[in-house]
Amino acid sequence: MAVVVRFAPSPTGVLHIGSVRTALFNWLYARHNGGKFLLRIEDTDKLRSTEENAQSILRILKWLQLDWDGEPVIQSSCVERHKEVAHNLVKEGRAYFCNCSPEELALKKEAAIKDGKSYKYDGKCRENTTNYIEGKSVIRLRSDLTGATTLNDLVQGGIITENSQLDDLVLLRSDGTPTYMLSVVVDDHDMDITHVIRGDDHLTNTFRQIQIYQACGWNIPNFGHIPLIYGPDGAKLSKRHGAASAQDYIDLGYLSEAIFNYLLRLGWSHGDEEIIGRKDAVEWFDICDVGQSPARFDMAKLQNLNAHYMKARDNDSILECMKPFLKRELSDIQAQRIIRGMDSLKARAKTLVDLAESSLIYVTEPDGFDEGCVKYLMPENIDLLKDMIEIIQNSESIQQDSLLESAKSLANKNGVKLVEVAQALRSALCGRLVSPSVFEIIEILGKDETIHRIRRFISMDM
RNA sequence: GUCUCCUUCGUCUAGGGGUCUAGGACACCGCCCUUUCACGGCGGCAACACGGGUUCAAAUCCCGUAGGAGAUGCCA
């Protein structure tokens, strides 16, 4: 049987990082099995859905290279079909018109809670298949409330639920629009979905949906419910934990391959493998291997992975990725400097934000000096810097190895350690005490810029 | 409240009855490398939630307990 899966986000907000993982697992499952990965935009909540959100979801899937097959299905365009299915169900006696008002129901619910009982619709209108009141009636499924339903979940295993736990769910609202429960089932059936892989939060809904499948006389697809992603405190990951949307992580300076690898390893593993690229992921992934327990999001591990993938990228492509974080245009000479210094820069950065920040040394002279730099404006340090200016000026080549040797002998001559010379230079050139090798920086900056920055530093009054 | 699911180092996980004095990775700590900070190398700390069974043998199977999460909408 050919595998057909789908990712069905609703464009009522930004794409949650947990949804991205759901998309990833669906995509991997499809690609691993040579099946199809379809997309469905669930925009039936017209009030909250926006075109902008829909576009941003597509953009993020593209960013992660989770390519989908065919055109996305827009759920709102299937509404007539959903209605038709609901009304047919009434005709067949599998559903009915319920004329109970929301107020009436709310009262019953309140009473049930007061009695400490769980509320379920009492089936008052169960026999009504004829009296449809426009604008008032809803269509409810006549659920089978006897026996039990068994779900063989691909991730969670066998789960049995007593049907008596269910009640007659609403299929069509009083305004005539279909509910989510109906829409998903109809669309998944119409799209020939064979495997529904989705978040754990839908697990209990699945038993209701199975009843809809049965009422329609349709084949029930396979289900796989993947655990939700938690924040560091063990609650569902959300905005209050900081970054929760995919866009948040893009803005934080993470590479798509780092996100891909991190999300994949969250709840899934392949022996001791940690660094897993797309090719191996497709080859190794199986939904059955996804863990049953929820995982907490660990930013430190993501950062580690991101650092790895930044080093793995070639310098030109990493510069392109970093540009948006620079928030300024680069001249050719600035770009060339950054490229030359990139190997050293990359080794020190966890994110593109870090990288952009540290690359600034090749873009402009320091626009401020860290507190610790002041020390290097003491007379004896200024003398060292003046000597360095002379050395640099008189050097035929400012190749970093020879500069290092010169600095060593200068330090020696003055009875100080090399670190004194290096930190004085670092202060002058970078305005801070942390950077790649100062001699590398000098080599890349060139004689003129280096001497300019040192003189500027010496003349500073701090 | 009711129903459902989950529970191995701080975190992600390996483990599917004996090979477990429980393995890997991140984080953390120490050492080495070193002009700073990183990178890298080496080493260390650290876990089977608890209680009962089953078995010659249990992290692994079963049952409870506790804790956590989700669902219980005319939201999706």
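Since this is a predicted model, take the numbers as computed values, not measurements. Numbers restart at 1 for each chain; the letters A, B, ... are given by sequence-line order, proteins then strands.
- Side chains of A:Asn53 and A:Thr50: a donor on one and an acceptor on the other come within 3.5 Å.
- Ring planes of A:Phe285 and A:Trp268: tilted class, angle from 30 to 60°.
- Within the 4.0 angstrom heavy-atom criterion, only backbone atoms of the sugar-phosphate kind lie near A:Pro294; the bases stay farther away.
- Of the listed nucleotides (B:rG73, B:rA38, B:rC26), B:rC26 has the atom at the smallest distance from the side chain of A:Asp298.
- Across all strands shown, A:Cys430 has no heavy atoms under 4.0 Å from either base or sugar-phosphate atoms.
- For A:Ser437 and B:rU35, a side-chain-to-base donor-acceptor distance below 3.5 Å is present, hydrogens and geometry of angles not being considered.
- Remark: the A:Lys301 side chain and the B:rA25 base include a donor-acceptor N/O pair separated by less than 3.5 Å.
- Below the 3.5 angstrom threshold, one finds no donor paired with an acceptor across the side chain of A:Arg348 and the base of B:rC39.
- Within the nucleic acid shown, A:Lys311 comes within 4.0 Å of sugar-phosphate atoms alone, with no base atom in reach, counting heavy atoms only.
- Residue A:Ile159 has its side chain nearest to B:rC5 when only B:rC12, B:rC5, B:rA27 are considered.
- Contact annotation for A:Glu274: base contact, defined as any heavy-atom pair under 4.0 Å involving a base atom.
- A donor and an acceptor atom sit less than 3.5 Å apart, one in the side chain of A:Arg426 and one in the base of B:rU35.
- Within the shown strands, B:rA69 is the pairing partner of B:rU4 under the Watson-Crick or G-U definition, both distances less than 3.5 Å.
- At a cut-off of 3.5 Å, with distance as the only test, no side-chain donor of A:Asp45 or A:Tyr180 sits close to an acceptor on the other residue.
- Residues of residues 220-232 of chain A having a heavy atom closer than 4.0 Å to RNA chain B, listed by number: A:Leu228, A:Tyr230.
- Heavy atoms of A:Lys236 sit under 4.0 angstrom from primed sugar atoms or phosphate atoms, though from no base atom.
- In this structure, A:Ser435 reaches the bases: a heavy-atom distance under 4.0 Å links it to at least one base atom across the strands shown.
- Residue contacts shown for A:Val419 are limited to sugar-phosphate atoms, with no base heavy atom under 4.0 Å away.
- Counting any heavy atom pair closer than 4.0 Å across all strands shown, A:Val438 reaches a base atom.
- Between the base of B:rC74 and the side chain of A:Ser174 there is a donor-acceptor pair shorter than 3.5 Å.
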Could you walk me through whether A:Tyr262 and A:Tyr254 satisfy the ring-ring contact (aromatic ring centres under 6.0 Å, His included) test, starting with their C-alpha distance in whole Å, then the side-chain angles of each, then the deciding distance to 0.1 Å, before giving a yes or no? CA-CA 11 Å; A:Tyr262 180 72; A:Tyr254 292 104; 8.9 Å; no
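- Annotation: cation-pi pair A:Arg432/A:Phe369 absent, no NZ/CZ under 6.0 Å from the ring centroid and within 45° of its normal.
- The residue A:Gly291 sits apart from the nucleic acid: no heavy atom pair falls under 4.0 Å.
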